[in-house]
Amino acid sequence: MIQLKDVSKIYRMGTSEVRALDHASMEVEKGEFVSIVGPSGSGKSTVMNIIGCLDTADEGEYILDGIAIEQYSETELAGIRNRKIGFIFQNFNLLPRLSAEENVELPMIYQKVKTADRKRRVREALERVELTHRRHHRPAELSGGQQQRVAIARALVTEPSLFLADEPTGNLDSHTGEEIMELFHELHRAGNTIVLITHDNQVADEAERKICIRDGKVREVRI
Ligand code: ADP
Ligand code: ADP
């Protein structure tokens with residue numbers, strides 16, 4: 001499903017350079033729930049950007065679903081992201097002027113899904129995250145946990161190959177965080193592939209497998 005082979009990413013600033021990823025290799029199989037865990041500055045955002053096709057590696061190879069990502073243009077990558085990846089962010093990234101159901105519907109509008117199909121899938125997705133009763137509310141009228149549920153519904157509605165979550169519980173209290181983690185377990189049980197990126201070991205331990213990253217190196221893969 002995902003293969004990073006000897007991937008490096010180098011940021012240059014004037015004469016200095018930072019190797020944010022240093023010959024990092026990892027594999028994630030279809031249907032796996034994997035966490036990538038490391039302290040601040042270890043390279044998590046960088047690896048998230050590469051796995052999410054938001055940025056490309058300077059060295060090495062990234063293969064997503066059999067596609068070697070480096071050969072694609074920005075525009076093509078945007079299409080790949082849209083079709084294949086369901087992003088879930090720490091700060092939810094919902095559009096503030098749209099209601100919960102409009103936020104969930106949006107990626108299907110980009111994908112040109114027919115109206116009736118869209119409406120049905122929005123309904124099903126909001127049921128799955130137990131937010132039907134809040135469907136007309138805007139993000140500001142929802143709690144953090146509810147906003148993250150909307151974001152998860154928005155991710156799952158397009159049936160992505162990969163759910164890519166960046167500190168999804170980072171802005172939530174621990175009880176709400178646990179409820180959100182339960183939704184990830186449900187997605188996993190339903191056969192989805194999940195990569196969760198976090199600095200929090202306790203959150204990382206919820207996955208089936210943990211990939212540790214430090215100073216841009218994949219240090220340890222504990223099963
Ligand atoms: P994390 O998400 O684990 O905090 P990052 O991937 O953001 O780590 O950063 C890894 C390293 O690369 C850090 O030393 C950071 O300062 C550096 N870095 C990240 N992005 C940039 C950038 N755009 N320009 C320069 N240095 C960067
Ligand atoms: P996170 O909280 O997700 O780890 P970071 O604070 O590490 O986020 O980084 C947020 C964004 O800022 C990253 O995507 C990265 O590109 C950029 N960034 C991180 N460190 C630096 C840096 N030293 N110089 C410039 N940009 C950076």
Side-chain angles (χ1 to χ4, degrees), residues 1-28 32-64 68-70 72-78 80-81 84-94 144 147-148 151-152 155 160 162-174 176-177 180-181 184 193-223:
M1 169 90 235
I2 285 180
Q3 275 181 300
L4 260 74
K5 294 185 192 167
D6 236 8
V7 163
S8 294
K9 182 78 191 176
I10 300 139
Y11 295 110
R12 293 193 176 81
M13 286 168 295
T15 53
S16 69
E17 60 173 46
V18 178
R19 221 169 235 276
L21 284 179
D22 189 6
H23 301 283
S25 297
M26 63 180 77
E27 283 189 29
V28 178
E32 266 197 304
F33 182 3
V34 172
S35 58
I36 299 177
V37 63
S40 178
S42 58
K44 295 187 302 297
S45 299
T46 305
V47 80
M48 149 103 187
N49 289 342
I50 289 175
I51 291 176
C53 305
L54 295 158
D55 200 356
T56 49
D58 293 322
E59 296 167 5
E61 197 177 13
Y62 171 40
I63 297 169
L64 168 65
I69 291 301
E70 282 73 29
Y72 291 95
S73 69
E74 276 300 320
T75 320
E76 289 167 325
L77 287 183
I80 292 171
R81 280 200 298 277
K84 296 202 169 285
I85 300 175
F87 288 96
I88 295 144
F89 297 102
Q90 174 168 5
N91 60 7
F92 323 124
N93 281 22
L94 300 173
Q147 289 181 61
Q148 195 59 299
I152 291 172
L162 171 69
F163 287 85
L164 185 54
D166 184 15
E167 301 281 6
T169 61
N171 279 343
L172 305 175
D173 65 68
S174 59
T176 308
I180 293 300
M181 289 309 297
F184 282 106
T193 312
I194 303 167
V195 171
L196 185 157
I197 297 175
T198 182
H199 73 282
D200 185 333
N201 250 301
Q202 223 173 322
V203 172
D205 284 342
E206 297 241 3
E208 283 182 288
R209 190 155 68 83
K210 196 158 85 165
I211 296 174
C212 301
I213 181 170
R214 191 171 281 263
D215 298 330
K217 294 187 172 73
V218 174
R219 275 283 170 89
E220 188 188 342
V221 180
R222 278 207 330 241
I223 299 173

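Residue numbers run from 1 in the order of the sequence given. Numbering of ligands and ligand atoms starts at 1, following listing order. Quick caveat: nothing in here was measured; it's all calculated off a predicted structure.
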Quick one: does V18 get an N or O within less than 3.5 Å of an N or O on ligand 1? no
Can an N or O of G41 be found at a distance shorter than 3.5 Å from an N or O of ligand 1?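 It does: an N or O of G41 is found under 3.5 Å from an N or O of ligand 1.
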Does T176 have any side-chain hydrogen bond (donor to acceptor under 3.5 Å, both in side chains) partners at least two apart in sequence or in another chain, and if so, which?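 Per chain and number, T176 pairs via side-chain hydrogen bond (donor to acceptor under 3.5 Å, both in side chains) with D173.
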Residue pair T193 / E32, side-chain donor-acceptor N/O under 3.5 Å: no
Quick one: look at M48 and ligand 1, take heavy-atom pairs under 4.0 Å, and tell me if it's side chain, backbone, both or neither. neither
contact_flag P39 ligand 1 heavy-atom lt 4.0 Å: yes
Determine, using heavy atoms of S42 and all atoms of ligand 1, whether some pair is separated by less than 4.0 Å. yes
Is there a donor-acceptor contact under 3.5 Å from the side chain of Q148 to the main chain of P168?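 Flag set: sc Q148 to bb P168 pair under 3.5 Å.
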Quick one: which ligand 1 atoms are inside 4.0 Å of a heavy atom on [X]?
X   : result
T46 : 5 (P), 6 (O)
A20 : 10 (C), 11 (C), 12 (O)
M13 : 25 (C)
K44 : 1 (P), 2 (O), 3 (O), 6 (O), 8 (O)

Tell me, please, which residues at least two apart from D58 pass salt bridge (charged side-chain N to carboxylate O under 4.0 Å, His left out). K9
Partner of L64 under side-chain contact (heavy atoms from CB on, under 4.5 Å), chosen from L4, I51, I85: I85
Would you call R19 and E59 a salt bridge, taking side-chain N to carboxylate O under 4.0 Å as the test?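 Counted as a salt bridge, because a side-chain N and a carboxylate O are separated by less than 4.0 Å.
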Any idea which heavy atoms bring L77 and T56 closest together, and the distance? CD1-CG2, 3.9 Å
